[in-house]
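The structure appears below as structure tokens.
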Amino acid sequence: MSEYDDDLDFDFFDDTAPREQVLEETQPRQPLRRPGPRRPPGAGRPPLGLTPLLRLAGLIAFAILIVVLLVFWISSCQGASKKSSYRSYMEKVSVVAKQSEQIGRELNDALTTQGIKFGELNTRLSGLAEQEQQDVTAARQMSSPGPLRLRHQEAIEALEFRVSGLRGLADAFKGAAATPKNVTRNALLLVGQAERLVSSDVVWDDLFKDPAITELRRQGITGVAVPDSNFVPNPDYASTRFWEILLQRLQGAATSGGGATSGGLHGTGLNEVAALRGNEKQVLQTDTENTVVATSDLRFSAQVEDTGDSQEVQVKVTLTIQQTPSPIVQTKTIDLINPGEQKTVIFSNLGQVQFATRTTVKVDIQPVPEEKNTGNNSAQYSVIFSLG
């Protein structure tokens with residue numbers, strides 16, 4: 001072994017200790033860990049990559065919320081727009097419906113005008129037909145919502161029935177004036193035209209109004225009213241007897257210069273007077289004192305009968321409660337009443353009556369033209385109103 005080899009061996013073992021010392025001095029000392037439970041891996045912060053997923057999920061949820069709110073908003077706007085469209089349409093229909101109803105009332109007024117002659121009646125009916133034609137034109141110019149397009153055509157058809165019926169009545173009355181002796185035939189012609197008017201009400205109700213209400217319910221539209229339109233005020237329009245008696249009255253007006261049927265028996269009678277409270281009916285007696293409980297819904301009824309053999313029109317009935325200082329007075333009118341027919345008029349909204357004081361309730365029927373016997377046209381009753 002050479003000296004060179006000895007030096008190398010010496011240097012190698014001699015450097016070991018200092019090198020370990022340097023490493024100990026340069027590296028920081030690790031603190032001593034106290035014994036205890038170890039924290040599970042990943043505790044205290046989300047695992048790597050989870051935070052972006054949570055953010056993405058939040059953004060997706062927010063986007064879904066925005067979309068849902070947007071859908072609800074659009075749906076709400078569409079619902080409001082649809083409701084507005086139906087309301088606008090029904091308001092326009094309502095105007096025409098009310099105008100047509102008014103024409104029906106004017107027809108009834110014409111037929112029940114005392115002393116009216118054939119020529120005047122024909123002129124008035126022709127004028128009413130022209131007014132009704134204007135309603136048809138207005139209805140045709142309307143734009144209806146799609147689901148009600150067919151129903152709108154039914155409403156137009158109802159109005160057209162009214163135009164046709166009015167023109168037919170005018171022509172039939174013109175023919176009746178030319179052939180006054182054939183009363184039955186003329187009445188049949190009149191009832192045939194009047195049936196068009198009756199049918200118009202059926203068409204309006206069954207083919208327009210009721211289906212329109214059903215359609216609104218189906219679409220969930222509330223607060224939109226579907227208008228009614230009743231043209232015929234008297235159900236007797238479909239009766240041949242009604243028109244026969246009416247023709248007799250018109251012919252009497254033509255032959256007597258404007259009065260009732262010349263030579264016929266005319267008259268009305270008061271059958272009974274009653275106090276009404278709810279569903280209770282208290283028939284008043286003329287030969288005794290009547291105690292009447294004055295409730296808030298107190299009403300009086302008067303039953304009137306045509307005691308002659310002629311049709312009477314515009315029969316006025318007056319109720320008077322005689323009290324101081326101001327009596328209560330109301331007058332009602334029976335448009336038309338046929339021989340032997342009974343009709344009841346109701347007096348309501350009477351106002352304040354006096355309590356515990358004897359008073360008189362009186363009912364009077366105004367005599368009709370050429371009425372001879374007026375002894376049964378009125379009656380009076382001794383009454384004391386009580387609080388019950």
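The structure displayed is predicted, hence computed values, not measured ones. The residues of the chain are indexed from 1 along the displayed sequence.
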Can you sort out the partners of Gln330 under side-chain contact (heavy atoms from CB on, under 4.5 Å), two or more places apart, ordered by chain and number?
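Listed in chain order: Lys332, Phe347, Leu350.
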
Under the side-chain hydrogen bond (donor to acceptor under 3.5 Å, both in side chains) test, which residues partner Thr295, sequence neighbours left out?
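In terms of side-chain hydrogen bond (donor to acceptor under 3.5 Å, both in side chains), with neighbours along the sequence ignored, Thr295 is linked to Asp297.
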
Which residues pass the side-chain hydrogen bond (donor to acceptor under 3.5 Å, both in side chains) test with Arg217, sequence neighbours left out?
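Listed in chain order: nothing, the list is empty.
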
Could you work out the complete set of other residues in the hydrophobic cluster of Val95, with links drawn between I, L, V, M, F, W and Y side chains under 4.5 Å apart?
none

Fellow cluster residues of Ile346, listed by chain then number, with links counted only when side-chain atoms sit under 4.5 Å apart
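Members besides Ile346, by chain and number: Leu276.
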
With Glu160, which residues qualify under salt bridge (Lys or Arg N to Asp or Glu O under 4.0 Å), at least two apart?
Arg140

For residues 192-199, tabulate all N or O donor-acceptor pairs below 3.5 Å that involve a side-chain atom, not counting sequence neighbours.
residue : atom : partner : partner atom : Å
Gln193  : OE1  : Arg196  : NE           : 3.4
Arg196  : NH1  : Ser164  : OG           : 3.2
Ser199  : OG   : Glu195  : O            : 2.8

Indicate every side-chain donor-acceptor pair of residues 317-328 with a distance under 3.5 Å to a residue at least two apart or in another chain.
residue : atom : partner : partner atom : Å
Thr318  : OG1  : Thr331  : OG1          : 3.0
Gln323  : OE1  : Gln354  : N            : 3.2
Gln323  : NE2  : Gln352  : O            : 3.2

List, one per line, each side-chain donor-acceptor pair under 3.5 Å for residues 98-107, sequence neighbours excluded.
residue : atom : partner : partner atom : Å
Ser100  : OG   : Glu132  : OE1          : 3.1
Ser100  : OG   : Glu132  : OE2          : 3.0
Ser100  : OG   : Arg162  : NH1          : 2.7
Glu101  : OE2  : Asn230  : N            : 2.8
Gln102  : OE1  : Arg105  : NE           : 3.2
Gln102  : OE1  : Arg105  : NH2          : 2.8
Gln102  : NE2  : Glu106  : OE2          : 3.4

Mind checking what makes ring pair (Phe, Tyr, Trp, His ring centres under 6.0 Å) contact with Phe242, not counting sequence neighbours?
Tyr237

Please, which pairs that meet ring-ring contact (aromatic ring centres under 6.0 Å, His included) have at least one residue in residues 155-179, sequence neighbours excluded?
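Non-adjacent pairs meeting ring-ring contact (aromatic ring centres under 6.0 Å, His included): zero.
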
Listing, residues 145-158 side-chain donor-acceptor contacts under 3.5 Å, not counting sequence neighbours, or none:
residue : atom : partner : partner atom : Å
His152  : ND1  : Tyr89   : OH           : 2.7
His152  : NE2  : Ala139  : O            : 2.7

